[in-house]
There are 2 protein chains.
Amino acid sequence: MSQRDFVSADEVARRAGVSRSAVSRAFTPGASVSDTTRQKVLQAAEELGYQVNHLARGLMRNESGIVCLIVSDVATPYRSTLLRELTLQLQLAGKVAMLINTDRSDGSVNRALEQAIRYRADASVILSGLPDKSITELCLRSGQRLVLINRDEDQSGAFHINLDDREAAGRVVTAFVRAGCSRLAFANSEAGTPSLMAREAGFIAAAKEQGLDVIVERHGSTGYEAGRVVAQRLLTRKERPDAVFCATDLLACGLMDAARHQFSLSIPQQLCIVGFDDIEQASWSSYRLTTFAQPIGAIAREAVAWLSQGGVADGRSLTLQADLIWRDSVRGG
Amino acid sequence: MSQRDFVSADEVARRAGVSRSAVSRAFTPGASVSDTTRQKVLQAAEELGYQVNHLARGLMRNESGIVCLIVSDVATPYRSTLLRELTLQLQLAGKVAMLINTDRSDGSVNRALEQAIRYRADASVILSGLPDKSITELCLRSGQRLVLINRDEDQSGAFHINLDDREAAGRVVTAFVRAGCSRLAFANSEAGTPSLMAREAGFIAAAKEQGLDVIVERHGSTGYEAGRVVAQRLLTRKERPDAVFCATDLLACGLMDAARHQFSLSIPQQLCIVGFDDIEQASWSSYRLTTFAQPIGAIAREAVAWLSQGGVADGRSLTLQADLIWRDSVRGG
DNA sequence: GCAGCATTTGCACACGCTTGCAAAAAGCGC
DNA sequence: GCGCTTTTTGCAAGCGTGTGCAAATGCTGC
């Protein structure tokens, strides 16, 4: 390692002609310092380029200001948007985001949480995967807060934020029926995430209430390519579906492209499609996809509000509604 | 704050029946411990759920293991892909990424770097914006390493990674000419980033060499909507361009959609388009955009290799080539 | 001027770890 | 067993900060 030499509070104290504790207090909101000394300190700090050492501060205060964001598939439109919103809100709350990528292998969520503990993160937000109970309990036991977004397994003590996937799925059935569709299909990935499965189950259940069956196709991971593959399977059936609910917008885009360019179907005349997430591409004029908007802003705000509140925060569960955005991929919007 | 109670090295030492230093050494690769004590320690640690406190370790070692990634527009396809690659490489190198979002206002890059100093980050990677020289000097003076990606201003002591934008732009002119185009245009945003401007200047220069003029239109920020607006301006001219080089793929997608759906032009027959970045959407079958692939993997690898090398790392500059990916938006690929 | 009070200041300890140093233990050849 | 070298171990100092406590300072009203 090259020699590192940051300026310390001592140097600032010497330059300002005060004690080191005065420096410390000058940088602590609400501490007992006179205005004149605080000014002296701040000026000396400015001149020297002093910045409080948050490692040391975190060590003392037992509060690092760090919040771990545990994510896979960061490059995905939905994930990256949520990431943007979370980092923004965290910064507004005076925290800082530590990003842990869990793309490789699967025990990696556990390893991510261990990392969070090592850096004494105040909280961790889990956007992907599911940690083992043993480790989440370790987190909670050490006083670290835990937020789980769209992964409904019940971890007592943690804060769960979920969407009402079943309710949304029900509305899709209604929309399809109203559009005159009767051969319903559901396009999913093989990821098997709780929220994806809830959309599937909700869709099937609501269809059954209308006396309709649902063809389910699942393939690969939740992306554009999987949508094309699923389209291949669905649209070559003898009884071709006339309405497909896709578990995510990416699947929908892939499916839509295949339907149009490969099967020459026109949408929504011959095929109605609904997606989920309302990623940016859903509004592009090549797609104009009818889909559900995740309340990403609200999710981020709620998460940060909960994890930065003082005192003991007990676990709870919050269910938000997804807004149906009508565009042009379903007849009769 | 709720009471935080992490298990400390003392407890592990007591349980394992050794001294606290033994615990410390057991977790330090290459330290002088016998195998038997190391095992005793590791087992006790396992049982108690002990994790080394990296704040304290960082304080002592003067090396936090933290690398700050300073980014705006994280939700953008290109940025989020780069982010994914960087976090992955950092983790492989035993570092951890601290993500700082500079979406709000502009001095925020400076504030991001201050944050990096506060957490004693080993290095910072700047993907957006340009920090003031005063603060980057402060970083370098404190022994913090600096990597700048695609922002060519010369900060001595830092590591600059750039693409050969001008060379790429030259190849676009060649491709357009070979396709029989003669009315060239360049679509840009008003961001004015060095790399965007280099593409513009390079394109104009190369066109001039062929005796061709270029119509330049710039609008807004570098996104899909801007592409639509620019299309509006370019395609309503009396002398409509027959080839447009877009500074980014997002601009290209917007422009392409407008050209097709609003002006009913067929691509590439009536209009050739080239983009830049090779975002995922460029390969979607609605676009099949001919574009330049940024060597994102190489960028991330080089960046991480440089910032995690031991000893003194002196500033240098690396220029990488962008690969031209031929798809269907230019005639005669 | 002084007593009485509120505010400000400095000292010194604590936070959890790493590491140089010297002492203890282990290994080795005889 | 003894001298010797090599490895392992514990002690204690230090990293840069926050904060309780007691001493010091500044006010106020007389």
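In what follows, chains are A, B, ... by sequence order, proteins preceding strands, each numbered from 1. From a predicted model like this one, the values you see are computed outputs, not experimental measurements.
Within the 4.0 angstrom heavy-atom criterion, base atoms lie near B/Ser32. Residue B/Ser8 is in sugar-phosphate contact alone, with no base atom involved, counting any heavy-atom pair closer than 4.0 Å across all strands shown.
Checked by distance alone, B/Arg25 brings a side-chain donor or acceptor within 3.5 Å of a matching partner on the base of D/dG10. At a cut-off of 3.5 angstrom, the base of D/dG18 holds at least one donor-acceptor pair with the side chain of A/Arg20.
Rounded to an integer number of Å, the gap from B/Arg38 CZ to D/dT7 C1' is 14 Å. Atom CD of B/Glu63 is separated from atom P of C/dC17 by 18 Å (rounded to the nearest Å). Between the CZ atom of A/Arg118 and the P atom of C/dC17 there is a distance of 13 Å, rounded to whole Å. The CG-C1' distance, from A/Asp35 to D/dG26, rounds to 15 Å in whole Å. Across the protein-nucleic acid pair, A/Asp10 atom CG and C/dC11 atom P stand 11 Å apart, rounded to whole Å. Rounded to whole angstrom, the span from the CG atom of A/Asn53 across to the C1' atom of C/dC17 amounts to 14 Å. The CE-P distance, from A/Met60 to C/dC17, rounds to 15 Å in whole Å.
Salt bridge annotation for B/Glu11-B/Arg15: absent, with no cationic side-chain nitrogen under 4.0 angstrom from a carboxylate oxygen.
At the phosphate of C/dT9, OP1 or OP2 sits under 4.0 Å from a side-chain N or O atom of A/Ser34. Between A/Thr37 and C/dT9, a side-chain N or O to OP1/OP2 separation shorter than 4.0 Å is present. Listed pair B/Tyr50 / C/dC17 meets the phosphate criterion, a side-chain N or O lying under 4.0 Å from OP1 or OP2.
Here the side chains of B/Gln144 and B/Ser124 are in contact, with some heavy-atom distance below 4.5 Å. Side-chain contact between B/Val7 and B/Val12 is present, with heavy atoms from C-beta onward closer than 4.5 Å.
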Worksheet item: Given the rule in the side chain to side chain contact (heavy atoms under 4.5 Å, CB included) test, do A/Leu83 and B/Leu83 qualify, once you have shown the distances and angles that lead to the verdict?
Response: CA-CA 11 Å; A/Leu83 192 63; B/Leu83 191 62; 3.8 Å; yes
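Between B/Leu59 and B/Gly17, the residue whose closest nucleotide on DNA chain D is further toward the 5' end is B/Gly17.
Ranking C/dC17, D/dT19, D/dG16 by closeness to the A/Ser21 side chain, first place goes to D/dT19.
Here the side chain of A/Asn53 pairs a donor or acceptor atom with the backbone of A/Ala56 at under 3.5 angstrom.
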